[in-house]
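Counting begins at 1 with the first residue of the sequence. The model shown is predicted, which means the values in this text are computed figures rather than measured ones.
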Amino acid sequence: MTLIYFIIILSVTIFIHELGHFIFAKRAGIYVYEFCIGMGPRIFKFKRKNDETEYGIRLFPIGGFCSMAGESNEVDPNVESSKLLQNKTWLDRFLTIIAGVTFNFLLALILLFIFGLINGNPMNKPVINKYSGELHENDLIIKVDNKKVANTDMFLILYQVNYGKTLNLTVLRDSNEVNIKIDPKIEDDDYNYGITLKQETKYGFIEAIKYSLSKFASLVTQLFVTIFYLFTGKLSLTNLSGPIGIYNAVGQYSKMGFDQLIFLTGYLSLNVGFMNLLPLPAFDGGRLLFLILEKIFRRKLDSKIENTIHSIGFLLLMILMLYITYNDILRFIIKS
């Protein structure tokens with residue numbers, strides 16, 4: 001069942017992303033060669049009447065694509081020049097490229113809303129429930145090592161970054177700020193700081209909306225912080241996960257219930273959208289960056305230079321994916 005869930009979750013996340021590109025490409029009159037889910041050998045394909053696009057499914061459910069004419073600024077003699085992506089208006093190109101990210105974000109919001117309907121809207125403030133040392137019940141954690149903590153999610157990522165170290169907390173107690181140092185304790189071969197946070201949950205349609213919006217914003221903030229810590233060296237690349245890591249996560253979440261798989265799918269969709277929005281070559285964000293530069297300087301960058309930059313970026317991305325997959329395999333072996 002883990003394998004089935006993994007295929008469904010990955011396929012849905014990728015399908016939604018590529019569907020965004022596809023819908024806006026068709027809307028703009030761009031010639032689409034193929035709309036496909038999966039990578040590798042083709043196992044199924046079909047065409048609709050009066051439609052040039054070939055629809056298909058490929059063997060390995062670890063990717064997908066919407067292949068558009070003119071995507072790499074090439075000229076296809078079999079396609080009308082007016083149907084090439086590169087010859088469309090700036091706005092049509094921008095909307096077509098950003099649509100994938102937008103659809104991923106929309107899917108994430110919808111799934112987080114469904115999760116909120118099922119499980120309610122938990123209090124997202126790091127308020128102490130059980131404690132040790134100088135901490136008191138109802139202390140509100142507002143800083144970790146002088147870094148502001150807006151919510152529980154931010155506290156947890158700062159907890160992870162400082163895992164196993166002395167933690168410097170600033171808490172709000174009776175409207176006064178109190179600075180406290182707490183040391184981790186080792187229990188069951190794992191680190192913890194001897195504290196638990198309060199859990200209060202509200203239910204209802206409005207609360208589900210509040211949950212989806214606040215959780216979405218919180219997760220995006222988490223991702224920004226993670227990227228920042230990766231670039232500054234506080235987090236290692238070994239903390240990242242690829243398909244194998246996702247597969248393991250699916251197995252763990254499936255044991256906790258179907259609602260947790262809904263949350264995981266939303267979280268992965270948000271991750272895919274966020275990563276694609278980064279202004280790096282080979283990502284949608286890299287293409288958007290070139291479009292923005294084109295708008296600023298009022299002329300297109302040389303297509304050969306742009307294609308070379310994206311090709312180098314894609315190669316580096318593949319090397320990174322191999323490294324991440326290698327680390328996933330090591331973790332899997334160690335846990336086994």
Side-chain donor-acceptor contact under 3.5 Å, [X] with [Y]:
X: Asp76; Y: Tyr31; answer: no
X: Lys26; Y: Thr53; answer: yes
X: Asp259; Y: Asn119; answer: yes

So do the side chains of [X] and [Y] get within less than 4.5 Å of each other, counting heavy atoms only?
X: Thr226; Y: Tyr229; result: no
X: Tyr253; Y: Tyr267; result: no
X: Leu172; Y: Glu177; result: yes

Consider only side-chain heavy atoms of I, L, V, M, F, W and Y, link residues closer than 4.5 Å, and tell whether Leu219 and Met123 are in one cluster.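 No, Leu219 does not connect to Met123 through the hydrophobic network.
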
So which heavy atom on [X] is nearest to which on [Y], and how close?
X: Gly38; Y: Phe65; result: O-CE2, 4.3 Å
X: Leu291; Y: Trp90; result: O-NE1, 2.8 Å
X: Arg42; Y: Glu34; result: NH2-OE2, 3.4 Å
X: Ser269; Y: Ala108; result: OG-N, 4.1 Å
X: Pro281; Y: Gly313; result: CB-CA, 3.7 Å
X: Leu270; Y: Phe216; result: CD1-CE1, 3.4 Å

List the residues meeting side chain to side chain donor-acceptor pair (under 3.5 Å) with Asn87, not counting sequence neighbours, and say none if there are none.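 Side chain to side chain donor-acceptor pair (under 3.5 Å) check on Asn87 returns nothing, list empty.
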
Find the distance between [atom1] ([X]) and [atom2] ([Y]) and round it off to the nearest 0.5 Å.
X: Lys47; Y: Tyr55; atom1: NZ; atom2: OH; result: 10.0 Å
X: Ile16; Y: Thr265; atom1: CD1; atom2: OG1; result: 11.0 Å
X: Ile8; Y: Thr13; atom1: CD1; atom2: OG1; result: 11.5 Å

Would you sort out whether Asp284 and His17 count as a side chain to side chain contact (heavy atoms under 4.5 Å, CB included), showing the intermediate values? CA-CA 11 Å; Asp284 290 341; His17 182 90; 3.0 Å; yes

Should we count [atom1] of [X] as having more than 12 external heavy atoms under 6.0 Å?
X: Asp51; atom1: CG; answer: yes
X: Tyr323; atom1: OH; answer: yes
X: Lys202; atom1: NZ; answer: no
X: Phe46; atom1: CZ; answer: yes

Using side chain to side chain contact (heavy atoms under 4.5 Å, CB included), reason through Phe290 and His310 one step at a time and then give a plain yes or no. CA-CA 11 Å; Phe290 284 116; His310 286 307; 3.5 Å; yes

List the steps and the verdict of side chain to side chain contact (heavy atoms under 4.5 Å, CB included) for Phe24 and Ile98. CA-CA 9 Å; Phe24 277 81; Ile98 204 171; over 6 Å; no

Please confirm whether the ring centroid of Phe113 lies under 6.0 Å from the ring centroid of Phe205.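 Yes, ring centres under 6.0 Å apart.
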
Enumerate, atom names and distances included, each donor-acceptor pair closer than 3.5 Å involving a side-chain atom of residues 144-153, sequence neighbours excluded.
| unit_1 | atom_1 | unit_2 | atom_2 | d |
| --- | --- | --- | --- | --- |
| Asp145 | OD1 | Asn168 | N | 3.2 |
| Asp145 | OD1 | Asn168 | ND2 | 2.9 |
| Asn151 | OD1 | Asp153 | N | 3.2 |
| Asn151 | OD1 | Met154 | N | 2.8 |
| Asn151 | OD1 | Ser218 | OG | 3.4 |
| Thr152 | OG1 | Lys125 | N | 3.4 |
| Thr152 | OG1 | Lys125 | O | 3.4 |
| Asp153 | OD1 | Lys215 | NZ | 2.9 |
| Asp153 | OD2 | Lys215 | NZ | 3.1 |
| Asp153 | OD2 | Ser218 | OG | 2.5 |

Using modelled atom types only, decide if a donor and an acceptor are shared between the side chain of Asn138 and the backbone of Arg173 within a distance under 3.5 Å.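 No, the answer is negative, given that no donor and acceptor are paired below the 3.5 Å cut-off.
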
Under 3.5 Å donor-acceptor, Glu52 side chain and Val32 backbone: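 Side chain of Glu52 to backbone of Val32, a donor-acceptor pair under 3.5 Å: yes, one is there.
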
With sequence neighbours excluded, residues passing side-chain contact (heavy atoms from CB on, under 4.5 Å) with Thr196: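 side-chain contact (heavy atoms from CB on, under 4.5 Å) check on Thr196 returns Asn129, Lys130.
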
